[in-house]
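Note sheet for the following structure.
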Amino acid sequence: MDVSPILDNLNEAQREAVSAPADNQLVLAGAGSGKTRVLVHRIAWLIQVERVSPYSIMAVTFTNKAAREMRGRLEQLLGDTLAGRTRSMWVGTFHGIAHRLLKAHWQVLKLPQNFQILDSDDQLRLIKRISQGLQLDETRWPPRQAQWFINAQKDEGLRPDYIQETGDPHQATMLAIYRGYEEACRRGGLVDFGELLLRAHELLLNNPDILAHYQQRFPFLLVDEFQDTNTIQYAWLRVLAGATGKVSAVGDDDQSIYGWRGAKIENIQRFQHDFGNVQTIRLEQNYRSTGLILKAANHVIANNTGRLGKELWTDGKDGDPIALYAAFNEQDEARFIVDNINRWVDEGNSFNSCAILYRSNAQSRVLEEALLRENMAYRIYGGQRFYDRLEIKNALAYMRLLVNRDDDTAIERVINTPTRGIGNKTIETIRLFAREQGCSLWQAAQNMVNSSHLSARAANAVGAFIALINALDEACTDQTLPDIADTTLKQTALLEFHRNEKGEKGQARVENLEELVNACRAFDPNNLATPADTDTGETSLLVQFLDNASLDAGESQADEFDDAVQLMTLHSAKGLEFPRVFMAGVEENLFPHKMTLEDPSQLEEERRLCYVGITRAMVQLTISYAESRRMYGNENHNRISRFVREIPSECIQEVRLKTDVQRPAGFATRTNGSLQDQGEGTGLDLGQRVIHSIFGEGVIIHFEGQGNSARVQVNFDNEGSKWLVLQYANLTPA
DNA sequence: CGCGTCGTGGTTTTT
DNA sequence: CCACGACGCG
């Protein structure tokens, strides 16, 4: 067997990981160390050298993107040898695979065959209704909090009956909502994300024959991003592996940034204990960043305790030092970044080689405004995803009703969208009736139209709705998926409804709806992140499409190929890399965020987030912070983040503006603005302290325009920042 | 039912 | 400060 294609071009550690004995292994893969590569080559090794059938391999990831990438690269690496048999391998997300198990064993689980997946939006709506049903005051018991509670319990594998009651009234209320919610899900055949995992776990735990089947089928399990597994995922994996299954766990404890939503970094250590004979391999050679960037990252993360220990290194160049810029305020910071991008692009680089990373989404606004002012194309990641959009969810709700009339969440969503005279009053009456009868809203509505439970007008409207759905169903029989979508949009008048919406919003929504039809046309069940078994022939294309829409929300935005600056939070940057990275707002209280300062473990997670941020940069990293930042309406003076202080000074070069104006103490010397915007010839300078007869003292933060129209933005100590026309402002240096 | 006003809350996000 | 949701009026 010629193993060279599998082992060539791997470094020693990678090779060791790929060719390790077919046993349990833990691969600690540092940022940019070729993790996916190792995973993919490991699978190839198992198949070609260890002669493991692809049929016996399961590979689990967290995101659909990662699953798709893995499958793609796998097919690329051994497409020929496998001759299409990659399909028999299970590659997917935890949720996708759990879904597949539930679909295969719906009868055992006492689920309706076409159970629907509840996304977090649907979940929240449902919880709201449960709370209302329990007569709870929404301000005292915020549905969001209940949702958080329920999901946290499910992540820990806890059903209501297993939760220890503490006698705490708050817990009691949350539990009551949880119970009501579970009942509603059971009645409606609804399964939320946590439930998918929980059920998949229970399926194996409670059915020895089924467990034995899967244990035999999958003697080899591979898990990506192991540091992100939560309690239930870990438990599921452990059950599935049993005494004989071999697990390759790949992850990086230093990049664990999802503890706040249940990920258990400890699972890595537990894995070493719970699974026998674990060989641990570290991938520390980095192929992404320059030496100084890696040095900075290593020093920052070294401040965390309890690490498994890893140090990135490169045999590449040291590269440029990290640039550090002290901005006056967030506007100045944004302008600085934009200026730098301009210069970078002037040097022949592309816009999409630049990423601006920030801790919280609120920071993006100022940055966007600055980019907009410069007419610079940008793309924000992590916005609303395609299948999460209101208009799309409405359309999907209609399509769900075609599959299952008893889907209450779907009815709730569209019974009066577009408006058809079924007001809140009527809906509430139907809900009440349904609750009394223990039936679905659809059944209740049908019943009430035929009896005289409703006013003539309401009965008319509800009857029309029922007729509409039935007629739509009829019209869609035997139609292709895109035709079903198209017919739905037209017959329900959704398209019309949004077309009549005023403003650009309606326009965008119509376009999205048209895009939905395209998505239906392009839908290929064989090309999913987690493809269904070939033996699920009973499931209609429509059902598969709907399931996929719930499990894979689609990329947040199109225009992937535009040359645009990339904006995103540090969290969503994980796994990505960019030649030029700007980390903005690196200040105490913002990053680390002030909510984390009290708790050492949360603070360490912030530090890992910083580590993730630094290691995104390939060529040049620029860190900036603002000495003054407007947050929630008032001015904040934050100190530079402790994380910056953890970077060795030889890795950093402070950016200073060339200027000879004296600065008041406390302000870093200003640097590098674009020259025409610095108020030349006005006797004033950016960053200068000035006095205004009415507003008092402040600092100049912007210049704009020339001559008579020249304006200046001054950040006044007591009045906030204001734009003034220079000619009339009568500013004197302080 | 649709629009306006008031009040509140405001890390991070995938599935 | 600003965005979103609840509530009340025409």
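Only this structure's heavy atoms are used, side chains among them; waters, hydrogens and symmetry mates stay out. Quick note on labels: first sequence line is chain A, next is B, and so on, each numbered from 1.
Contacts of A:Leu576 classified as side chain to side chain contact (heavy atoms under 4.5 Å, CB included), with partners at least two apart in sequence or in another chain: A:Lys65, A:Met568, A:Phe578. In this structure, the side chain to side chain contact (heavy atoms under 4.5 Å, CB included) partners of A:Asp253, at least two apart in sequence or on a different chain, are A:Leu28, A:Ile265, A:Ile268, A:Arg307, A:Leu308, A:Lys310.
In this structure, A:Glu138 does not pair ionically with A:Lys128, as no charged nitrogen and carboxylate oxygen lie closer than 4.0 Å. At a threshold of 4.0 Å, the pair A:Arg413-A:Asp121 counts as salt-bridged, since one of the basic side-chain nitrogens sits closer than that to a carboxylate oxygen. Using a cutoff of 4.0 Å between basic side-chain nitrogens and carboxylate oxygens, A:Arg125 and A:Glu412 are not scored as salt-bridged.
In this entry the distance linking CD of A:Glu225 with C1' of B:dT15 reads 14 Å, nearest Å. Look at CD on A:Gln331: it is 13 Å from C1' on C:dC1, rounded to the nearest Å. To the nearest angstrom, C1' of C:dC1 lies 11 Å from CD of A:Glu330. Distance CG (A:Asn548) to P (B:dT15): 11 Å, rounded to an integer number of Å.
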What are the atom names and distances for every N/O pair under 3.5 Å that joins the protein to nucleotides 2-5 of chain C?
residue : atom : partner  : partner atom : Å
C:dC2   : O5'  : A:Arg365 : NH2          : 3.2
C:dA3   : OP1  : A:Arg365 : NH1          : 3.0

Atom pairs under 3.5 Å, N or O on each side, protein against nucleotides 8-14 of chain B: can you list them with distances?
residue : atom : partner  : partner atom : Å
B:dT11  : OP2  : A:Tyr632 : OH           : 2.9
B:dT11  : O4'  : A:His593 : NE2          : 3.4
B:dT12  : OP1  : A:Asn361 : N            : 2.6
B:dT12  : OP1  : A:Asn361 : ND2          : 3.1
B:dT12  : O4'  : A:Arg359 : NH2          : 3.2
B:dT12  : O2   : A:Trp260 : NE1          : 3.4
B:dT12  : O2   : A:Arg359 : NH2          : 2.6
B:dT13  : OP1  : A:Thr569 : OG1          : 2.5
B:dT13  : OP2  : A:Asn361 : ND2          : 3.2
B:dT13  : O4'  : A:Arg261 : NH1          : 3.3
B:dT13  : O2   : A:Arg261 : NH1          : 3.3
B:dT14  : OP1  : A:Arg385 : NH2          : 2.8
B:dT14  : O4'  : A:Arg261 : NH2          : 3.4

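Separation of the P atoms belonging to C:dG5 and B:dT12 is 16 Å when rounded to the nearest angstrom.
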Identify each donor-acceptor pair in which a side-chain atom of residues 143-150 of chain A lies under 3.5 Å from a protein atom, sequence neighbours left out, and give them as a table.
residue  : atom : partner  : partner atom : Å
A:Gln145 : NE2  : A:His170 : NE2          : 2.7
A:Gln147 : NE2  : A:Ser120 : O            : 2.9
A:Gln147 : NE2  : A:Gln123 : OE1          : 2.9

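Scanning residues 415-427 of chain A for heavy-atom distances under 4.0 Å to DNA chain B yields A:Asn416, A:Thr419, A:Gly421, A:Ile422, A:Gly423.
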Go through A:Asn589 and A:Asn638 one step at a time and tell me if the side-chain hydrogen bond (donor to acceptor under 3.5 Å, both in side chains) criterion holds.
-> CA-CA 7 Å; A:Asn589 296 323; A:Asn638 296 320; 3.1 Å; yes
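A:Phe94 and A:Trp236 have perpendicular rings, their planes meeting at more than 60° on a 0 to 90° scale where under 30° would count as parallel. Note: A:Tyr214 and A:Phe218 have parallel aromatic rings, judged against thresholds of 30 and 60 degrees for the angle between ring planes.
Residues A:Ile356 and A:Val565 form a side-chain contact, since some pair of their non-hydrogen atoms from C-beta on lies under 4.5 Å apart.
In this structure, B:dT12 shows a glycosidic angle more than 90 degrees from zero, which is the anti conformation.
Considering A:Phe115, A:Phe193, A:Trp90 in turn, A:Phe115 is the only one that fulfils the ring-ring contact (aromatic ring centres under 6.0 Å, His included) rule with A:His99.
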